[in-house]
Amino acid sequence: MMKLTRPFHGIILILFVMLAINSTSATTKYNVLSFGAKPNGKTDSTKAFLMAWEAACSSADSTMIYVPKGRYFLGSMAFKGGCKSPQITIRIDGTLVAPQDYRVLGKSTDWLSFEGVNGVSILGGALDAKGPSLWACKASHSNCPSGATTLSFTNSKNIRIRRLLSLNSQMFHIVINGCENVHVQGVRIIAAGDSPNTDGIHVQLSKNVNIIKCAIKTGDDCISIGPGTKNLWVEQVTCGPGHGISIGSLAKDLKEEGVQNVTIRKTTFMGTQNGLRIKSWARPSTGFVQGVRFLDSLMRNVQNPIVIDQNYCPHNLNCPNQVSGIKIKDIIYEGIRGTSSTEVAIKFDCSPKNPCTGIRLQNVNLSYLNKPAQSSCSNVCGKALNLVRPESCL
């Protein structure tokens with residue numbers, strides 16, 4: 001009888017461990033076609049998608065919902081949490097299409113919403129929300145519904161969104177609300193430059209959110225950062241057209257959570273209304289903004305490259321005409337360069353009751369029509385280091 005030498009024992013042990021790992025990490029797959037979905041862009045596949053979710057959610061295994069190539073006509077859907085499956089991956093090789101009649105989705109808050117989920121990943125695919133007809137309604141000042149957010153995650157954890165295309169959202173494209181540990185990477189967002197309220201990615205009441213290597217073209221903020229955002233990292237994002245990357249608007253409510261520990265780096269703005277913006281209404285609030293780093297940004301023909309606006313009131317309609325209670329401190333602008341399409345490239349318009357403090361400009365170089373630009377300061381304290389153009393008013 002042949003004895004097993006130690007190397008053979010080691011090989012057998014490795015094979016046993018690999019088999020054990022594979023047996024415990026098996027992924028159960030669910031194809032939406034098996035539940036009756038039709039990839040013709042006309043047949044309503046809403047029920048089939050919800051059935052696929054229910055099957056994946058109730059499984060004890062890690063699961064994958066697979067959407068093959070084709071176009072899938074879908075109404076408003078809510079994917080609820082409380083799942084047995086520890087990890088649900090939704091792999092989309094096709095395009096999800098909203099109803100052509102904007103009124104069908106327009107009365108809903110969301111088109112595709114995930115509520116109270118954990119460990120959900122969305123990989124690839126396109127979401128076509130058919131927004132232009134609703135935008136046209138709003139432009140004509142008719143009696144129009146508000147519109148639906150294309151994709152929202154609420155009160156969820158450990159979320160991944162990769163290589164997704166969001167096209168022509170009625171309202172916001174992607175909303176992260178009350179979430180923790182969210183990673184968004186390689187996402188493309190496209191809507192017309194004059195499309196109303198089509199924020200690209202909106203984050204609020206959430207912590208530990210990463211937004212990496214995304215390209216956003218839309219009619220409102222490329223990324224909007226709302227109250228209660230903590231530990232947000234944004235890197236290698238291109239924005240334009242759009243209204244830039246904005247913290248706020250804040251001071252919507254008297255009692256409001258603060259925004260803290262935000263890093264925005266290696267961003268590019270092309271023809272946008274704003275670059276790096278902090279905005280709050282001029283009314284009392286318990287909110288604050290602190291610990292923000294704006295690093296290494298390129299501005300190309302941007303109207304307001306650097307702006308803090310504590311008298312925010314779009315279109316000057318129903319302005320509160322009070323004093324902003326938002327406290328803004330410890331904000332760094334470093335390595336910001338490029339061109340402004342207006343003469344005032346840096347504008348700090350802070351609250352007279354709560355002046356901005358700890359504002360730092362370092363290695364900033366912004367010009368206007370190949371000429372020196374200007375800075376404007378009101379109720380702000382800070383310092384400028386190294387080269388700062390336009391000349392600092394701090």
Side-chain angles (χ1 to χ4, degrees), residues 152-155 159 172 174-184 199-212 214 216 220-235 237 239 242-265 267 274-295 297 304 306-314 320 323-334 336 347-351 353-360 379-382:
S152 72
F153 282 87
T154 303
N155 300 328
I159 305 303
F172 291 13
I174 299 173
V175 168
I176 309 298
N177 177 32
C179 295
E180 184 176 350
N181 299 331
V182 179
H183 189 86
V184 180
D199 292 41
I201 302 173
H202 178 72
V203 182
Q204 66 178 25
L205 300 171
S206 298
K207 61 182 179 180
N208 305 332
V209 177
N210 296 331
I211 302 171
I212 312 292
C214 295
I216 303 173
D220 211 297
D221 293 329
C222 290
I223 298 174
S224 53
I225 303 160
T229 299
K230 184 178 181 181
N231 303 337
L232 170 66
W233 187 279
V234 176
E235 184 170 1
V237 168
C239 171
H243 292 183
I245 295 178
S246 295
I247 296 177
S249 58
L250 304 176
K252 291 181 180 178
D253 300 305
L254 177 60
K255 292 186 177 180
E256 196 171 72
E257 292 192 37
V259 174
Q260 57 187 318
N261 194 18
V262 174
T263 298
I264 314 286
R265 70 187 301 262
T267 49
N274 306 286
L276 305 166
R277 175 168 63 160
I278 301 173
K279 56 179 177 175
S280 75
W281 294 86
R283 63 167 65 99
S285 175
T286 59
F288 61 86
V289 179
Q290 67 181 41
V292 178
R293 307 289 180 265
F294 295 116
L295 310 172
S297 289
N304 305 292
I306 294 175
V307 57
I308 297 178
D309 182 4
Q310 292 205 259
N311 290 291
Y312 176 71
C313 185
V323 175
S324 177
I326 300 293
K327 297 178 177 64
I328 298 174
K329 66 176 183 179
D330 186 21
I331 315 294
I332 293 176
Y333 302 87
E334 183 176 345
I336 317 300
K347 183 178 181 180
F348 297 132
D349 183 12
C350 297
S351 168
K353 182 179 180 181
N354 300 291
C356 302
T357 60
I359 309 300
R360 192 174 91 194
N379 307 307
V380 57
C381 299

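Checked by atom type, the side-chain pair Thr229/Ser206 shows no donor-acceptor distance below 3.5 Å. Between the side chains of Trp281 and Ser249, a donor-acceptor pair is found at a separation under 3.5 Å. Remark: the Asn177 side chain and the Gln204 side chain contain an N/O donor-acceptor pair separated by less than 3.5 Å. In this structure, a donor-acceptor pair under 3.5 Å is present between the side chains of Ser324 and Ser280.
Proximity of Ile245 to Thr267: side-chain heavy atoms (C-beta onward) are separated by under 4.5 Å at one or more points. The shortest side-chain heavy-atom distance between Arg277 and Asn304 does not fall under the 4.5 Å cut-off. By the 4.5 Å heavy-atom criterion applied to side chains, Val292 and Ile247 are counted as neighbours. Under the 4.5 Å side-chain criterion, counting only non-hydrogen atoms from C-beta, Ile225 is in contact with Leu232. Annotation: side chain of Phe348 is not in contact with side chain of Asn379 (no heavy-atom distance under 4.5 Å). Counting heavy atoms from C-beta on, the side chains of Ile223 and Asp221 never come closer than 4.5 Å. Taking 4.5 Å as the limit, every side-chain heavy atom of Glu235 sits out of range of all side-chain heavy atoms of Leu295. Ile306 is listed as a side-chain neighbour of Ile336, based on a closest heavy-atom distance under 4.5 Å.
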The test is side chain to side chain contact (heavy atoms under 4.5 Å, CB included); show your working for Val184 and Ile201 and say whether it passes. CA-CA 10 Å; Val184 180; Ile201 302 173; 4.2 Å; yes

Test side chain to side chain contact (heavy atoms under 4.5 Å, CB included) on Val289 and Ile331; report intermediate values, then the result. CA-CA 9 Å; Val289 179; Ile331 315 294; 4.1 Å; yes

Given salt bridge (Lys or Arg N to Asp or Glu O under 4.0 Å), test Asp330 with Arg293 step by step and report yes or no. CA-CA 9 Å; Asp330 186 21; Arg293 307 289 180 265; 3.4 Å; yes

Go through it in stages, so that I can follow the logic: the residues are Thr154 and Ile176, the test is side chain to side chain contact (heavy atoms under 4.5 Å, CB included), and I'd like the CA-CA distance, side-chain angles, deciding distance and then a yes or no. CA-CA 6 Å; Thr154 303; Ile176 309 298; over 6 Å; no

Please evaluate residues Val234 and Thr263 with respect to the criterion side chain to side chain contact (heavy atoms under 4.5 Å, CB included), reporting the C-alpha separation (whole Å), side-chain torsions for both, the decisive distance (0.1 Å), and the verdict. CA-CA 6 Å; Val234 176; Thr263 298; over 6 Å; no

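Going from atom CG of Leu250 over to atom CD1 of Ile278 covers 8.5 Å, rounded to the nearest 0.5 Å. The CD1 atom of Ile308 lies 10.5 Å from the CG atom of Leu276; values are rounded to the nearest 0.5 Å. Note that CD1 of Ile332 and CZ of Arg360 are 3.5 Å apart. Values are rounded to the nearest 0.5 Å. The distance from atom OG of Ser246 to atom CG of Asp220, rounded to the nearest 0.5 Å, is 8.0 Å. One finds the CD1 atom of Ile359 at 11.5 Å from the NZ atom of Lys329 (value rounded to the nearest 0.5 Å). Atom CD of Glu180 sits about 11.5 Å away from atom CG of Asn155, to the nearest 0.5 Å.
Remark: side-chain polar atoms of Asn274 are paired, donor with acceptor, to backbone N or O of His243 under 3.5 angstrom. Using a distance-only test at 3.5 Å, with no hydrogens or angles considered, a donor-acceptor pair links the side chain of Asp309 to the main chain of Asn311. Between the side chain of Ser285 and the backbone N or O of Gly287 there is at least one donor-acceptor pair closer than 3.5 Å. Remark: the backbone N or O of Gly228 is not paired with any side-chain donor or acceptor of Glu257 at under 3.5 angstrom. Side chain of Glu256 to backbone of Ala251: a donor-acceptor contact under 3.5 angstrom is found.
Note that Lys327 lies outside the cation-pi zone of Phe288, set by a 6.0 Å cut-off to the ring centre and a 45° limit from the axis.
The aromatic rings of Tyr333 and Phe294 sit parallel to each other, their planes meeting at less than 30°, with 60° as the upper class boundary.
Distance check for Cys350 and Cys356: the SG atoms are under the 2.5 Å cut-off.
The two residues Ser224 and Gly248 come nearest to each other via the heavy atoms CB-O, 4.3 Å.
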